[in-house]
Enquirer: 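Structure below; questions to follow.
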Amino acid sequence: MNIFQLVRDHVSAALERMRDMNELPRDTDFSNIATEPPRDPAHGDVTTNAALALAKKAGMKPRDLAERLAGLLAGHPDIAQVEVAGPGFLNMRLDDAVWPRLLQAVLEAGEDFGRSAIGRGRKVNVEYVSANPTGPMHVGHVRGAVFGDALAALLEFTGHAVTREYYINDAGAQVEVLARSAYLRYREALGEDIGDIPPGLYPGDYLKPVGRALAEKYGPALLDRPEAEWLPLVRDVAIAAMMELIRADLAALGITHEVFFSERTLHDEGRIEAALKELEERGLVYVGRLPPPKGKPPEDWEDREQLLFRATQFGDDSDRPLKKSDGSYTYFAADVAYLHDKIGRGYDQLVYVLGADHGGYAKRLEAVNAALSEGRVRLVVRLCQLVRLFRGGQPVKMSKRAGEFVTLREVVDEVGPDVTRFMMLTRKNDAPLDFDFEKVREQSRDNPVFYVQYAHARICSVLRAAEREVAADELRGPADFSRLGDAAERALVRRIAAFPRLLEQAAAAHEPHRVAFWLLELAGDFHALWNKGKEFPHLRFIVADDPELMRTRLAFLRAIRYCLANGLSILGVRAVDEM
RNA sequence: GGUCCCGUAGCUCAGCCGGAUAGAGCACCGGAUUCCUAAUCCGGGGGUCGCAGGUUCGAAUCCUGCCGGGACCGCCA
């Protein structure tokens, strides 16, 4: 149950009546009117800008239109009071009977409360992580991984058919470097002293097991063969091993992708040619020269003719090369083919979760999408900014060149998946985020994860206490939500009422962090009510002399618990029963 | 040179497809514990929403320019 949708239906019905009576033009469009919570609770429960939005079209003054609309809405049983305010807002107070219905609906829906169908089953592909298969995941990947996963869950909860996808960059120079690095470990496994790992190769110990596996599989057979022969063999083993590593890292964070898509299949199966052919047929591929990049000394710039995609025709800043000087395809060409493949799979929406350093990629992806899908498919690029690691306020030093980076596994092992996930969503994705290993384990108000989980645990604690201390027959029987009249209780009810709308808007904006902020607010409302019970014992949940009131409050607690649990579940964070 | 992101209270940040007197936490000051976990809560002070224009009945929000911070900029992925 969504009270804003409920009121919106009533407002729409009233407007339709006005249209039927020719008080509004036939072609009046109601789609841009909003029913929202007013900023100031003194303004009521729901406000609408309908009169302001339609005044011009109706040829009426906003306040006159608002008065007319107020008259039509006033009689509705759900609406207790309606007032015209300010320039022409309609402030409505809902009838007291609406709130019990809402709480009842929460209890009936349970883990499905907040679920909606606004996605209308549209097929959405969310591609996230897509880390190169050259080693274990490091902390830089964590934010995009969590963001993408939470976004996927949010879209699913709001009625989208979601595919979680990972693009494996298993073609190109980096995996050849991986193969050479693994080959060295292979020689090492066969007893050779390989000394220091030469610069340019991956030095990590994680390749040692790969070397041993190769030694076991091939024995010394690869030792005296030319690189052209052993490289493909070693590469395949190494990539498979790295993907196992990465899957395990992701599993530690509770992340599972449905599709792992190999870039190499695009090369091997002629699908790049097929995609480029389609661009060619539209006259979007040509051979030409690009101007050198400005502002940067073009050290190794070589002016040459190359195969280009006419990206500028779709708003990109430059046309984009499809072939390298050695004649092989660029990464971008593979990306064209990959996008082509996704479009072919019938998605309505393609979401790319990328690191902020890929910001320049958005425009060219949009250009390719515009060219290939001709506007049928919506492409959404979300960039995740950096995470800065701290320990007790001191920055954690990392040197990429020396291979000293904090791995995903180190973070998860130290603070746990729940803390990791929640913290990654406490900032909107395009703002940088500070993560302090010590702070996030504190059990205090400063730690948002704790604060929300503690609210959930406290509720469970009360419910356990009730089971323990209250006679069973007093727990049975009806609840009467109309008895929740205290300001702190009403604040909680309003917060709960906002949940379905919040999820819809977070999904539409592709902003899962809003769920995290809402959870903090809900937890805050709950802790406030709890504490009020200390000062005013009649506000406690377990009230001995009034079984009906107690049952009401315990049911209320269960409703709040569902809200906390459902929100946490979208973020992929466990709701704990005790702490 | 160009593109993208950011600029809101002392600090860290929210601010819903433009909406009424701009919010929260931290910090600071002052309070609450015979209690279902005080691991919490209540109250108070504190803001020219970077600057200047524009659109609008109405702008922190949309547009343009400027200032400041960050990221990226053919043949790496």
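Throughout, protein chains are lettered first and strands after them, A, B, ... in sequence-line order, and every chain is numbered starting at 1. Not measured: the values here are computed from a predicted model.
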Enquirer: Indicate yes or no: does A:R310 engage A:D319 in a salt bridge with an N to O separation below 4.0 Å.
Expert: no
Enquirer: By the 4.0 Å heavy-atom rule, please label A:P321 as base, sugar-phosphate, or nothing.
Expert: sugar-phosphate
Enquirer: Heavy atoms only, 4.0 Å cut-off, all strands: where does A:R464 land among base, sugar-phosphate and nothing?
Expert: nothing
Enquirer: Assign the ring pair A:Y167 / A:Y338 to parallel, tilted or perpendicular, where the plane angle (0 to 90°) is split at 30° and 60°.
Expert: parallel
Enquirer: Take atom P in B:C4 and the same atom in B:C63, then report the distance between them in whole Å.
Expert: 11 Å
Enquirer: Would you mind telling me which of B:A14, B:C35, B:C5 lies closest to the side-chain atoms of A:K534?
Expert: B:C35
Enquirer: Could you check whether A:K428 gets within reach of a base, just the sugar-phosphate, or nothing at all, counting any heavy atom under 4.0 Å?
Expert: sugar-phosphate
Enquirer: Minimum heavy-atom separation for A:A311 and A:S318, please, with both atom names.
Expert: CB-O, 3.5 Å
Enquirer: In this structure, how many angstroms lie between the C1' atom of B:U3 and the CZ atom of A:R364, rounded?
Expert: 10 Å
Enquirer: Choose from B:C13, B:C75, B:G19 the nucleotide whose nearest atom is closest to any side-chain atom of A:N49.
Expert: B:G19
Enquirer: Quick check on B:C41: is either OP1 or OP2 less than 4.0 Å from any side-chain nitrogen or oxygen of A:R445?
Expert: yes
Enquirer: What interatomic distance, in whole Å, is found between P of B:U61 and the corresponding atom of B:C73?
Expert: 31 Å
Enquirer: Which base, if any, makes a Watson-Crick or G-U wobble pair with B:G45, both distances under 3.5 Å?
Expert: none
Enquirer: Looking only at the side chain of A:Y451 (C-beta and beyond, no hydrogens), which of the listed nucleotides B:A14, B:C41, B:C76 gets closest?
Expert: B:C41
Enquirer: Tell me whether the side-chain N/O atoms of A:W530 come closer than 4.0 Å to OP1 or OP2 in B:C35.
Expert: no
Enquirer: With a non-hydrogen cut-off below 4.0 angstrom, is A:N447 in contact with a base, only sugar-phosphate, or nothing?
Expert: nothing
Enquirer: How far, in whole Å, is B:C36 from B:G10 if one measures between their C1' atoms?
Expert: 39 Å
Enquirer: Given B:C4, is OP1 or OP2 found less than 4.0 Å from the side-chain N or O atoms of A:R382?
Expert: no
Enquirer: Would you call A:E127 and A:K342 a salt bridge, taking side-chain N to carboxylate O under 4.0 Å as the test?
Expert: yes
Enquirer: Determine the interatomic distance between P on B:A20 and the same-named atom on B:C49; round to the nearest Å.
Expert: 15 Å
Enquirer: When the C1' atoms of B:U48 and B:G44 are compared, how many Å lie between them, rounded to an integer?
Expert: 24 Å
Enquirer: Looking across every strand, which nucleic acid part, if any, lies under 4.0 Å from A:K363 by heavy atom: base, sugar-phosphate, or nothing?
Expert: sugar-phosphate
Enquirer: Considering Watson-Crick and G-U wobble pairs with both distances under 3.5 Å, what does B:U56 pair with?
Expert: none
Enquirer: Rounding to the closest angstrom, what is the interatomic distance between B:G74 and B:A59 at atom C1'?
Expert: 41 Å
Enquirer: Give me the distance, rounded to whole Å, that separates B:C42 from B:C66 when you measure between the P atoms they each carry.
Expert: 46 Å
Enquirer: Using Watson-Crick or G-U wobble geometry with both distances below 3.5 Å, tell me the partner of B:A32, or none.
Expert: B:U40
Enquirer: Is the closest basic N to carboxylate O distance between A:K363 and A:D317 below 4.0 Å?
Expert: yes
Enquirer: Below 4.0 angstrom from OP1 or OP2 of B:G15, is there any side-chain N or O of A:H513?
Expert: yes
Enquirer: How far does the P atom of B:A60 sit from the matching atom of B:U3, given to the nearest Å?
Expert: 27 Å
Enquirer: So which nucleotide from B:U40, B:A77, B:U37 ends up closest to the side chain of A:S461?
Expert: B:U37
Enquirer: Using whole Å, report how far CG of A:D525 lies from P of B:G25.
Expert: 11 Å
Enquirer: Looking only at the side chain of A:R458 (C-beta and beyond, no hydrogens), which of the listed nucleotides B:C13, B:A38, B:G25 gets closest?
Expert: B:A38
Enquirer: If we require ring centres under 5.5 Å and near-parallel planes under 30°, does A:F517 stack on B:A14?
Expert: no
Enquirer: With respect to the side chain of A:M579, which nucleotide from B:U37, B:C36, B:C13 is positioned closest?
Expert: B:U37
Enquirer: Between B:C36, B:A20, B:C17, which nucleotide has the shortest distance from any of its atoms to the side chain of A:A85?
Expert: B:A20
Enquirer: According to a strict under-4.0 Å criterion, is A:K532 in side-chain N/O contact with OP1 or OP2 of B:C36?
Expert: no
Enquirer: Looking only at side-chain atoms of A:D317, point me to the closest of B:C4, B:C76, B:U3.
Expert: B:U3
Enquirer: Salt bridge check, A:R495 against A:E521: does any charged N sit closer than 4.0 Å to a carboxylate O?
Expert: yes
Enquirer: Go ahead and name the base partner of B:G1; Watson-Crick or wobble counts if both distances stay under 3.5 Å, otherwise write none.
Expert: B:C73
Enquirer: Categorize A:Q505 for me: base, sugar-phosphate, or nothing, with a 4.0 angstrom heavy-atom threshold over every strand shown.
Expert: base
Enquirer: Just name whichever nucleotide pairs with B:C13, Watson-Crick or G-U, keeping both distances under 3.5 Å, else none.
Expert: B:G23
Enquirer: Could you identify the nucleotide paired to B:G18, looking across every strand shown and requiring Watson-Crick or G-U wobble geometry with both distances under 3.5 Å?
Expert: none
Enquirer: To the side chain of A:D430, which of B:U37, B:C6, B:U12 is closest?
Expert: B:C6
Enquirer: Nearest to the side chain of A:S444 - B:U40, B:C17, B:C75?
Expert: B:U40
Enquirer: Please determine, for B:C51, whether a Watson-Crick or G-U wobble partner exists with both distances under 3.5 Å, and give it or none.
Expert: B:G65
Enquirer: Which is true for A:L52 with a 4.0 Å heavy-atom rule: it touches a base, it touches only sugar-phosphate, or it touches nothing?
Expert: base
Enquirer: I'd like to know if A:R553 and A:D546 make a salt bridge, using a cut-off of under 4.0 Å between side-chain N and carboxylate O.
Expert: no
Enquirer: Test your reading of the model: is there a side-chain donor-acceptor pair from A:W530 to the backbone of A:I459, 3.5 Å cut-off?
Expert: no
